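Hydrogens, waters and symmetry mates are skipped; everything else that's a heavy atom, side chains included, is used. Just so it is clear, the structure is predicted and the values come from calculations on it, not from any experiment.
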Amino acid sequence: MKKILILVCALAGFVGCQQPATTSDTPLIPEGITYLSREEWGANAPVLPMRPHKLTRLTIHHTGVPQLFDRSLMDKLRNLQKFSQEDSPLADGRMKPAWADVPYHLYVDVHGAVGEARDLNYAGDSNTSYDPAGHLLVVVEGNFEKEAITEAQLKTLEKLVPALAKRFGIPADSLGAHKDFAETSCPGAGLYAELPRFRQLVKGN
């Protein structure tokens with residue numbers, strides 16, 4: 001099977017083609033969570049090469065912008081990809097260089113639905129100094145320095161975080177947040193306060 005995969009990758013011309021990194025048969029997205037795949041939201045292909053990596057951490061971010069209750073998850077992901085794949089201005093006045101794709105792997109919207117963003121097999125991107133290689137990046141919609149996480153988002157994260165940790169063999173002490181690795185307020189005080197409870201859920205797997 002491995003030889004067949006290598007041959008298919010070679011014939012297709014994909015650089016870095018590999019089997020999805022996983023250590024268990026746990027579903028990626030637990031039952032009961034609405035999930036939107038890249039194909040379903042109409043994702044464009046990456047515009048630059050990406051770095052293959054092995055997942056060893058699970059790291060939580062927030063989008064840092066207000067929650068949008070009336071916009072579809074499809075539109076949010078398309079807009080985020082457009083912003084990501086172009087040179088784009090940041091809130092602090094800096095210009096962000098184009099990234100290959102959406103910087104995160106999974107996006108949790110205000111209604112608790114989950115969108116597939118960057119391929120899990122490739123390291124994400126960041127505007128800060130930390131290297132996200134090895135980090136499974138989950139971003140939650142909102143600015144949790146100013147807004148409250150919704151009940152729907154909490155319910156999703158309570159299922160999603162331990163399921164991801166189990167699937168990829170990530171221990172509770174490797175669950176963290178953006179601010180644990182860089183000078184930033186991300187993922188906001190409101191969401192950061194939930195991490196100890198999420199770690200307990202991971203330990204209970």
**pair Gln67-Gln153: side-chain heavy atoms closer than 4.5 Å** = yes
**Asked** Can you list every pair that meets salt bridge (Lys or Arg N to Asp or Glu O under 4.0 Å) and has a residue in residues 149-163, with sequence neighbours left out?
**Response** Glu151-Lys155, Glu158-Arg197
**Complete:** Residues passing the side-chain hydrogen bond (donor to acceptor under 3.5 Å, both in side chains) test with Arg51, sequence neighbours excluded, are Asp131
**Prompt:** Donor-acceptor pair, Lys96 side chain versus Glu86 backbone, under 3.5 Å?
**Reply:** yes
**Request:** Heavy atoms only: give me the nearest Lys179-Thr184 pair and the separation to one decimal.
**Result:** CB-O, 3.2 Å
**Asked** Checking Ser129 side chain against Ala182 main chain: does a donor-acceptor pair fall under 3.5 Å?
**Response** no
**Leu136 and Leu164, any side-chain heavy atoms less than 4.5 Å apart** = yes
**Asked** Taking the side chain as C-beta and beyond, is there a heavy-atom pair between Phe198 and Lys203 under 4.5 Å?
**Response** no
**Prompt:** Considering all heavy atoms of both residues, which atom of Thr56 and which atom of Ser174 are nearest to each other, and what is their separation?
**Reply:** O-CB, 3.6 Å
**Asked** Checking side-chain contact (heavy atoms from CB on, under 4.5 Å) for the pair Val140/Tyr107: CA distance, chi angles, key distance, verdict?
**Response** CA-CA 6 Å; Val140 185; Tyr107 183 109; over 6 Å; no
**Complete:** In this structure, CH2 of Trp41 is separated from CG of Leu36 (nearest 0.5 Å) by 8.5 Å
**Message:** Has Ser84 got a side-chain atom pairing as donor or acceptor with Leu80's backbone, closer than 3.5 angstrom?
**Reply:** yes
**Complete:** Sorted by chain and residue number, the side-chain hydrogen bond (donor to acceptor under 3.5 Å, both in side chains) partners of Tyr130 (sequence neighbours excluded) come out as His61
**Message:** Nearest 0.5 angstrom please: Thr34 OG1 to Ile29 CD1, how far?
**Reply:** 10.5 Å
**Item:** Cluster companions of Val110 among Ile, Leu, Val, Met, Phe, Trp, Tyr (side-chain spacing under 4.5 Å)
**Value:** Phe69
**Nearest heavy-atom neighbours spanning Gly124 and Pro132** = O-CG, 3.3 Å
**Prompt:** How far apart are the C-alpha atoms of Glu40 and Ser37, what are their side-chain angles, what is the distance that settles it, and do they pass the side-chain hydrogen bond (donor to acceptor under 3.5 Å, both in side chains) test?
**Reply:** CA-CA 5 Å; Glu40 289 170 321; Ser37 70; 3.3 Å; yes
**Prompt:** At what distance, to the nearest 0.5 angstrom, does CG of Asn79 lie from NZ of Lys82?
**Reply:** 8.0 Å
**Message:** Looking at every non-hydrogen atom in both residues, tell me the closest pair between Ile33 and Gly112 and how far apart they are.
**Reply:** CG2-O, 4.0 Å
**Message:** Strictly distance-based, threshold 3.5 Å: is any side-chain N or O of Gln85 a donor or acceptor partner for the main-chain N or O of Ala98?
**Reply:** no
**Message:** Looking at His62 and Phe144, would you say the former's side chain and the latter's main chain have a donor-acceptor pair under 3.5 Å?
**Reply:** yes
**Message:** Side chains of His178 and Thr128 only: does a donor on one sit below 3.5 Å from an acceptor on the other?
**Reply:** yes
**Request:** State which residues pass side-chain hydrogen bond (donor to acceptor under 3.5 Å, both in side chains) with Asp180; sequence neighbours excluded, sorted by chain then number.
**Result:** Tyr192
**Complete:** dist Ile170:CD1 -> His135:NE2 (nearest 0.5 Å) comes out at 10.0 Å
**Asked** About how many Å separate OG1 of Thr156 and CD1 of Ile149, when rounded to the nearest 0.5 Å?
**Response** 9.0 Å
**Asked** Does Asp125 come within less than 4.0 Å of Arg118, counting only side-chain N to carboxylate O?
**Response** yes
**Message:** Taking the side chain as everything from C-beta on, heavy atoms only, tell me whether Pro30 gets closer than 4.5 Å to Leu160.
**Reply:** yes
**Request:** State, yes or no, whether a side-chain contact exists between Val47 and Trp99 at a heavy-atom distance under 4.5 Å.
**Result:** no
**Request:** Could you walk me through whether Val138 and Thr59 pass the side-chain contact (heavy atoms from CB on, under 4.5 Å) test, one step at a time?
**Result:** CA-CA 6 Å; Val138 175; Thr59 304; over 6 Å; no
**Asked** Can you get from Tyr104 to Leu48 by hopping between Ile, Leu, Val, Met, Phe, Trp and Tyr side chains that sit under 4.5 Å apart?
**Response** no
**Prompt:** Measuring from Gln200:CD to Leu195:CG, what's the distance to the nearest 0.5 Å?
**Reply:** 12.0 Å
**Prompt:** Would Val114 and Leu68 show up in the same hydrophobic cluster when neighbours are defined by side-chain heavy atoms closer than 4.5 Å?
**Reply:** no
**Prompt:** Is the closest side-chain heavy-atom distance between Leu106 and Leu137 below 4.5 Å?
**Reply:** no
**Item:** Non-hydrogen side-chain atoms of Leu28 and Tyr35 separated by less than 4.5 Å
**Value:** yes
**Asked** Short question: side chain of Asp87, backbone of Pro97 - any donor-acceptor pair under 3.5 Å?
**Response** no
**Prompt:** Which atoms form the tightest heavy-atom contact between Pro49 and Ala100, and what is the distance?
**Reply:** O-CB, 4.1 Å
**Message:** Quick check: Tyr122 with His105 (ring centres under 6.0 Å apart)?
**Reply:** no
**Asked** Okay, side chain of Arg199, backbone of Leu175: is any donor-acceptor separation there less than 3.5 Å?
**Response** yes
**Item:** pair Leu191-Leu157: side-chain heavy atoms closer than 4.5 Å
**Value:** yes
**Prompt:** Where do Lys76 and Glu141 come nearest, in terms of heavy atoms and distance?
**Reply:** NZ-OE1, 2.8 Å
**Request:** Kindly write out the residues that satisfy side-chain hydrogen bond (donor to acceptor under 3.5 Å, both in side chains) with Asp101, not counting sequence neighbours, or none if the list is empty.
**Result:** Arg38, Gln81
